[in-house]
Amino acid sequence: MHQVLLGFVQIIAGLLILAVSIPAILALFGFAVPVFDLFNHLQLLLFFGTLAGVILGLIVFGIRPAMTWIAVLGFAASSFTFVPEWTSSLAARAPFLHDGPPVLKLMTHNLFGLNYDMPRVAAVIAAENPDIIALQEYFPEQVEGLDQLLKPNYPFSVRCTGGKRANLGLYSKIPFDKEMASGECPTSAVSGRRTARIIAGFVLEDGTRFSVMTTHMDWPLPIARQQEEFAEAKAEVKAIGGPLLLVGDFNSTPWSYALKAFAADTGLTRETRNLLTYPERFTLRGLVRTVSFLPLDQVFERGIDVHELHRGEETGSDHLPVIFSFSVPKS
């Protein structure tokens with residue numbers, strides 16, 4: 001009976017080890033096989049899953065059996081991707097300078113299409129008091145409730161209305177010029193455009209110029225669609241001169257080769273490091289409260305100093321807002 005029970009425990013332990021170790025090992029080769037890169041989006045779960053697998057392997061199988069070494073290989077593969085991202089989040093940011101350029105604050109937030117508590121959203125915005133607000137999943141029903149609450153403090157705004165990912169908004173206390181082509185920001189839900197981009201140019205009182213671009217990407221599947229959307233965004237970034245902030249919901253984690261390649265190809269620096277923002281809620285026969293384990297909301301910059309960055313309070317969305325303070329060095 002003891003041997004039967006031990007054999008059963010070993011089978012369960014082996015299956016658990018394989019379930020986390022194989023994806024972790026395959027994810028390492030996502031640079032060559034894009035479908036393997038999908039596993040990289042789950043690196044937080046794979047890292048702690050393979051760590052648990054190593055411990056389980058040592059307890060159940062001991063040091064020598066192959067299953068323990070498969071667990072060790074999986075943990076090493078996941079660590080190769082996960083640990084550098086985690087350690088980079090500990091790096092110091094550019095310090096505030098009392099005699100330096102003016103410091104501004106920007107909030108980027110996916111409102112979530114099923115979130116209709118706009119007074120709660122407005123209250124979180126008021127508490128953070130950003131100078132610029134970039135919104136994703138900003139549907140017409142939400143605009144009716146939020147626009148009137150924001151306009152007294154944010155008189156300058158622009159909005160896109162299109163397909164699911166093309167509903168965007170930008171509000172600002174500072175005047176700006178719209179710099180995107182008319183087709184990049186649709187104004188009708190029947191336009192057929194699934195994604196969109198808002199690009200705005202700002203000029204500060206001291207003559208400093210910078211641009212803000214916000215977008216909302218699709219999920220990584222199908223892969224060809226994601227590659228096309230990244231290619232379009234790359235072209236837009238390269239066409240914008242001078243200091244730039246790119247913010248939004250990228251539906252892609254920093255552990256993926258796809259997002260790393262986007263940063264490398266555009267020359268942008270990603271400022272969101274190991275910042276878990278999704279899912280706060282999950283749609284399953286209603287809204288179920290969960291704990292965020294995916295860093296999907298990103299902040300990229302070029303020629304801009306980001307001094308502080310943090311997650312905001314809940315707004316009723318399935319995403320947490322991201323807020324950061326920045327300044328634009330004089331060239």
Side-chain angles (χ1 to χ4, degrees), residues 13-14 16-61 63 65-94 217 219-220 226 230 246-247 249-280 290-301 306-311 319-320 322 324:
L16 291 174
I17 288 172
L18 292 175
V20 292
S21 297
I22 290 176
I25 294 168
L26 292 179
L28 200 59
F29 300 94
F31 67 92
V33 184
V35 70
F36 291 169
D37 195 29
L38 297 176
F39 292 124
N40 277 313
H41 298 293
L42 303 175
Q43 280 294 355
L44 178 66
L45 303 181
L46 293 177
F47 177 79
F48 289 103
T50 53
L51 175 59
V54 172
I55 297 171
L56 188 63
L58 290 172
I59 294 172
V60 176
F61 299 104
I63 295 177
M67 196 58 68
T68 300
W69 286 103
I70 291 174
V72 171
L73 263 178
F75 179 61
S78 183
S79 299
F80 180 81
T81 300
F82 180 81
V83 172
E85 175 68 15
W86 175 73
T87 55
S88 71
S89 68
L90 305 177
R93 297 192 178 276
M217 302 284 196
W219 286 99
Q226 184 197 53
F230 270 124
L246 169 58
V247 302
D249 177 2
F250 280 72
N251 271 320
S252 186
T253 71
W255 305 305
S256 71
Y257 289 104
L259 197 67
K260 291 176 183 175
F262 174 77
D265 293 345
T266 56
L268 296 174
T269 299
R270 178 170 50 83
E271 295 289 344
T272 37
R273 298 285 181 175
N274 202 41
L275 197 72
L276 309 177
T277 56
Y278 176 90
E280 286 292 297
T290 56
V291 177
S292 292
F293 61 89
L294 292 173
L296 299 185
D297 301 274
Q298 312 298 343
V299 173
F300 292 91
E301 56 84 10
V306 172
H307 304 289
E308 186 275 338
L309 186 148
H310 65 276
R311 299 183 303 178
H319 289 249
L320 289 173
V322 177
F324 61 98

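As the structure is a prediction and not an experimental result, all values here were calculated from the model.
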Of all residues at least two apart in sequence or in a different chain, which pass the side chain to side chain contact (heavy atoms under 4.5 Å, CB included) check with [X]?
| X | answer |
| --- | --- |
| Pro34 | Ile223, Gln227 |
| Arg93 | Glu271, Val306, Leu309 |
| Leu16 | Ile12, Leu56 |
| Phe80 | Leu28 |

Which residues pass the ring-ring contact (aromatic ring centres under 6.0 Å, His included) test with [X], sequence neighbours left out?
| X | value |
| --- | --- |
| His310 | none |
| Phe75 | Phe47 |
| Tyr257 | Phe31 |
| His319 | Tyr278 |

Can a donor-acceptor pair be found, under 3.5 Å and without considering hydrogens, that links the side chain of [X] to the backbone of [Y]?
| X | Y | value |
| --- | --- | --- |
| Thr68 | Gly57 | yes |
| Glu85 | Asn274 | yes |
| Thr290 | Pro279 | yes |
| Arg273 | Trp86 | no |

Taking every non-hydrogen atom, the tightest pair across [X] and [Y]:
| X | Y | result |
| --- | --- | --- |
| Ile25 | Ala77 | CA-CB, 4.0 Å |
| Ser79 | Pro84 | O-CD, 3.5 Å |
| Ala94 | His307 | O-ND1, 2.9 Å |

Measuring only between side-chain heavy atoms, which start at C-beta, is [X] closer than 4.5 Å to [Y]?
| X | Y | result |
| --- | --- | --- |
| Val247 | Val322 | no |
| Leu42 | Pro23 | no |
| Phe300 | Thr269 | no |
| Thr277 | Leu275 | yes |
| Met217 | Ser252 | no |
| Val83 | Thr87 | yes |

Who passes side-chain hydrogen bond (donor to acceptor under 3.5 Å, both in side chains) against [X], sequence neighbours left out?
| X | value |
| --- | --- |
| Ser78 | Gln43 |
| Glu301 | none |
| Thr272 | Gln298 |

Could you list all the side-chain hydrogen bond (donor to acceptor under 3.5 Å, both in side chains) pairs where at least one residue sits in residues 19-38, not counting sequence neighbours?
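Of all non-adjacent pairs touching residues 19-38, those that pass side-chain hydrogen bond (donor to acceptor under 3.5 Å, both in side chains) are Asp37-Asn40.
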Supply the atom-to-atom distance [X] [atom1] to [Y] [atom2], rounded to the nearest 0.5 angstrom.
| X | Y | atom1 | atom2 | answer |
| --- | --- | --- | --- | --- |
| Leu46 | Leu26 | CG | CG | 10.0 Å |
| Asp297 | Leu276 | CG | CG | 11.0 Å |
| Thr266 | Leu246 | OG1 | CG | 7.5 Å |
| Ile22 | Thr50 | CD1 | OG1 | 13.0 Å |

Step-by-step side-chain contact (heavy atoms from CB on, under 4.5 Å) determination, His41 to Leu296:
CA-CA 9 Å; His41 298 293; Leu296 299 185; 5.6 Å; no
Does the pair Phe230 and Phe262 meet the rule for a ring-ring contact (aromatic ring centres under 6.0 Å, His included), with working shown?
CA-CA 7 Å; Phe230 270 124; Phe262 174 77; 5.2 Å; yes
